[in-house]
Amino acid sequence: AGASVAACAAEVERRYGQIDALINNASMAYKHADPTPWTQKTRTSVYTNFFGTLSVFRAFVPLLRPGARVVTVASMAGHLGIIPSDGLRREFARPDT
């Protein structure tokens, strides 16, 4: 993914020079019934949702014009309210975790 992101950023820079906005919407999720092992699902999800977003951000930030905007679209999984356990919600809500 890193090479394709870098190639995309290079092409955008070649065509346009700078950009006014970066809309970062890298996301994927497995369906609950998917038989893929949990550890593999987690690894794939974190790689795409976190590291994919970070990769795009790092590649395109140098192309932003002064005053440009960055918008990162997050998944519903980022909402603490969907976690069914009160204990887990408290754990994830702690500022030091």
**Report entry** Heavy-atom side-chain proximity of Arg69 to Asp20 below 4.5 angstrom
**Finding:** no
Report task. Specify the closest pair of heavy atoms between Gly2 and Ser55, including all atoms of both residues, with the distance to one decimal. Result -> CA-OG, 4.3 Å
Requested in this report: Please name the pair of heavy atoms, one in Ile19 and one in Ala68, separated by the smallest distance, quoted to 0.1 Å.
Outcome: O-CB, 3.8 Å
Query raised in the report: Do the side chains of Phe60 and Cys8 get nearer than 4.5 Å, heavy atoms only?
Result: yes
Query raised in the report: Is any side-chain heavy atom of Asn24 closer than 4.5 Å to a side-chain heavy atom of Val71?
Result: no
Query raised in the report: Is it true that atom CZ of Phe51 has more than 12 heavy atoms of other residues, nucleotides or ligands lying nearer than 6.0 Å?
Result: no
Query raised in the report: Do Asn25 and Thr53 come within less than 4.5 Å of each other through their side chains, counting heavy atoms only?
Result: no
Requested in this report: Can you establish whether the number of heavy atoms outside Arg65 located under 6.0 Å from its atom CZ is more than 12?
Outcome: yes
Report task. Please answer: with hydrophobic residues joined when any side-chain heavy atoms are less than 4.5 Å apart, are Leu22 and Tyr16 in the same cluster? Result -> yes
Requested in this report: Enter the distance from Leu54:CG to Asn49:CG here, rounded to the nearest 0.5 Å.
Outcome: 12.5 Å
**Report entry** Contact check, side chains of Pro37 and Gln40, non-hydrogen atoms, under 4.5 Å
**Finding:** yes
Requested in this report: Report yes or no: does Lys41 contribute a side-chain atom to a donor-acceptor pair with the main-chain N or O of Asp34 at less than 3.5 Å?
Outcome: yes
**Report entry** CG-CD distance between Leu63 and Gln18, expressed to the nearest 0.5 angstrom
**Finding:** 8.0 Å
